[in-house]
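Here the structure comes first, spelled out in structure tokens, and everything after it is commentary.
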Amino acid sequence: MKILTTVKKVVDVELTMRVEDGAIVEDGMQYVINAWDESAVEASVQLKENNGAETTLVSVGGGDNTDMIRRCYAMGIENGIHIEDPALDKADSSIYARVLQMVYEKGDYDLVITGKQAQDTDSGQTGIILAEYLGLPCVSNVVAIEVLDGQHIKVSRSGDAGTEIVEMELPALITVDVSINEPRLPQMRGIMMAKKKKIEVMDLAALGVSADDISAAAPRSEIVEYMASKTRKGGQKFEGEPADITAQVVDLLANEAKVL
Amino acid sequence: MSKVLVVADIKQGDLKSSTSELLSKAKAIGAERAVVAIGGNIESLSSDLANAGSDTQYIANDPGLELFSAGPYTTCVVDAARQFDADMIWFGFSESGKAVAPRVAAQLDAACATEITDVILEGGHIEVVRPAITNKVIQRVKINTDKLVAVVRAGAFEAVEEITGTENVVELSPPESDLKAVIKELVSDASGEIDLADADIVVSVGRGAKDQAGIDLVKDLANDLSAGFGSSRAMVDGGFMAHNKQVGQTGKIVAPTLYIAIGISGAIQHLAGMNGSKVILAVNKDPEAPIFNVADYGIVGDLFEVVPILREEIKKLS
Ligand SMILES: Cc1cc2nc3c(=O)[nH]c(=O)nc-3n(C[C@H](O)[C@H](O)[C@H](O)COP(=O)(O)OP(=O)(O)OC[C@H]3O[C@@H](n4cnc5c(N)ncnc54)[C@H](O)[C@@H]3O)c2cc1C
Ligand SMILES: Nc1ncnc2c1ncn2[C@@H]1O[C@H](COP(=O)(O)O)[C@@H](O)[C@H]1O
């Protein structure tokens with residue numbers, strides 16, 4: 001089985017975000033692998049270990065992605081492709097999906113694993129749109145994968161009313177939730193080996209596509225402004241004898257907030 | 001005049017409140033309103049769908065649509081969108097909506113925006129507002145296409161009481177089933193429980209409850225209040241709670257009148273799922289727990305001591 005995993009470099013969400021003049025202040029920002037993609041990488045490596053697979057990752061944009069890709073190599077990914085092109089500066093999900101489509105079509109993949117969502121966009125659509133572009137069966141929000149045979153996998157998806165069990169014919173695309181696994185920490189030996197591995201960096205021309213082919217200059221949506229989010233303020237905090245403070249709070253909920 | 005198609009949110013045969021909330025917003029922006037309803041046994045819903053505020057109801061009612069499957073559901077929504085000539089297609093916040101919206105957008109060459117909290121019609125184009133980066137910032141997004149497919153964040157729009165519609169049913173032909181992604185089974189352990197998305201009060205349990213006994217203690221509180229019973233990710237990953245009970249960024253977004261967080265630290269990913277709640281009560285033994293930074297009322301204490309007292313005091317109210 002050949003697996004293609006998509007990986008995006010995103011801002012570290014644990015940091016404080018400052019917004020000035022409609023933009024996020026880049027100063028002091030740090031960038032990390034998207035948490036959902038780290039789970040996609042772990043899922044790919046587990047499939048490789050348990051069922052035998054060749055694993056390739058692809059990342060689009062992000063500038064220098066060397067550290068992130070090396071980290072994925074150290075986790076067990078074998079090949080890395082990085083597409084970087086100034087024409088992608090305004091890319092939205094649909095444009096990223098077009099670039100990923102081109103990468104997929106150059107390989108001979110049986111399974112695409114993307115993250116459920118990227119932590120910078122919180123959008124959750126690129127993988128699903130990619131499946132549409134590729135005409136592949138797609139299940140999103142996957143929390144477990146089982147290989148049935150060379151042509152079929154069985155996945156569990158966390159749905160509205162419970163866990164949906166879906167059988168898929170390969171080639172297929174799944175988007176995974178962070179709950180699917182606990183990504184491993186790279187070990188020293190893997191880290192050393194990763195340093196020697198090559199990363200295939202390409203621009204759009206090398207990929208064999210023009211900016212016009214993928215409407216790179218005409219995104220379907222564009223962020224025109226960032227604003228600081230409304231922060232909630234903490235209210236009254238009670239410490240002391242449990243019986244007293246609990247009674248007091250219930251009284252406030254009933255008579256001040258009027259929610260009981 | 002713009003034309004908004006709302007995708008009805010139906011669970012266990014009932015129409016959920018998000019449908020009338022979205023139709024109310026469509027009315028507020030002066031749009032023509034239709035709704036598309038998809039399911040296995042929903043023939044009786046057409047008057048409810050009209051009463052929720054729509055003037056046309058596209059209904060796909062077929063035994064093959066009983067269980068959710070993204071492919072066939074997409075076909076139905078695209079069919080209705082084409083027949084109605086919709087320029088906006090809105091989904092309420094649900095896992096099925098999040099799975100179908102991007103597909104519909106790809107098929108209609110439309111832009112797709114998820115978790116939106118507002119729609120603005122501005123000088124001939126559409127703009128949406130949405131949180132991003134785990135709720136740390138808000139984005140204003142300009143839509144460059146004529147058509148927009150959107151998933152609306154829970155609690156973003158309010159239903160107006162006096163909204164009405166007219167019954168005008170258009171039956172959709174059943175779509176072909178997706179033979180390459182076949183749903184085999186729905187493993188549900190939530191039947192009969194109060195739906196988190198609809199609950200007026202939500203009680204959630206976190207790692208502080210430790211184990212099943214702790215969870216049962218907090219669940220009793222939820223039952224006393226007829227509240228939805230949710231959880232932090234820690235208790236889902238620990239195998240104690242079902243996936244669809246998880247509140248947060250990668251779980252359910254809830255915006256109840258009262259949210260009660262018991263033994264939950266208040267990680268940003270959890271807050272992203274509940275900080276739209278009207279009033280928040282937190283119980284945590286650590287006075288420095290970040291949940292207190294968003295809670296309107298905070299009780300610093302051991303939940304094993306506090307929860308039984310909380311139940312007693314609440315019982316006294318009735
Ligand atoms: C990409 C991503 C997505 C995520 N999505 C979600 C999500 O959707 N939802 C979610 O919840 N999390 C999510 N998380 C995980 C999140 O970061 C936290 O790890 C998680 O919310 C912690 O759960 P918790 O508060 O129950 O546990 P902890 O952080 O361990 O907190 C337990 C709390 O209980 C208190 N406590 C302990 N004992 C007692 C006692 N006897 N009485 C009272 N209080 C006590 C402690 O003081 C502590 O504050 C996500 C993480 C990532 C990286
Ligand atoms: N620029 C990109 N490069 C590689 N993968 C991406 C990129 N953008 C999105 N993806 C993948 O698509 C998923 C969903 O992204 P989003 O739709 O932005 O939430 C991510 O988890 C990634 O796996």
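Per chain, numbering begins at 1; letters A, B, ... match sequence-line order. Only this structure's heavy atoms are used, side chains among them; waters, hydrogens and symmetry mates stay out.
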Looking at side-chain heavy atoms only, is the closest gap between [X] and [Y] below 4.5 Å?
X	Y	result
A/Leu253	B/Tyr297	yes
A/Val143	B/His243	yes
A/Asp122	B/Gln249	yes

Under a 4.5 Å heavy-atom cut-off, does chain A meet the side chain of [X], its backbone, both or neither?
X	result
B/Ala99	both
B/Ile201	side chain
B/Ile183	both
B/Lys252	side chain

Quiz item: Taking it one step at a time, do A/Ser229 and B/Asn135 satisfy side chain to side chain donor-acceptor pair (under 3.5 Å)?
Solution: CA-CA 7 Å; A/Ser229 58; B/Asn135 257 14; over 6 Å; no
Measuring heavy-atom distances to chain B, does [X] have an atom under 4.5 Å in its side chain, in its backbone, in both, or in neither?
X	value
A/Val259	both
A/Val19	side chain
A/Asn141	side chain

Practice problem: Check whether the side chains of B/Thr250 and A/Lys116 place a donor and an acceptor atom closer than 3.5 Å, and report yes or no. | Solution: yes
Quiz item: Counting heavy-atom pairs under 4.5 Å to chain B, which of A/Glu239, A/Met168, A/Lys237 comes out on top?
Solution: A/Lys237
Self-check item: CD-OG distance between B/Glu127 and A/Ser221, expressed to the nearest 0.5 angstrom
Solution: 11.5 Å
Exercise. Go through A/Glu132 and B/Gln107 one step at a time and tell me if the side chain to side chain donor-acceptor pair (under 3.5 Å) criterion holds.
Key: CA-CA 8 Å; A/Glu132 276 295 319; B/Gln107 292 191 15; 3.1 Å; yes
Self-check item: Partner of A/Arg232 under side chain to side chain donor-acceptor pair (under 3.5 Å), chosen from B/Asn275, B/Asn293, B/Asp296
Solution: B/Asp296
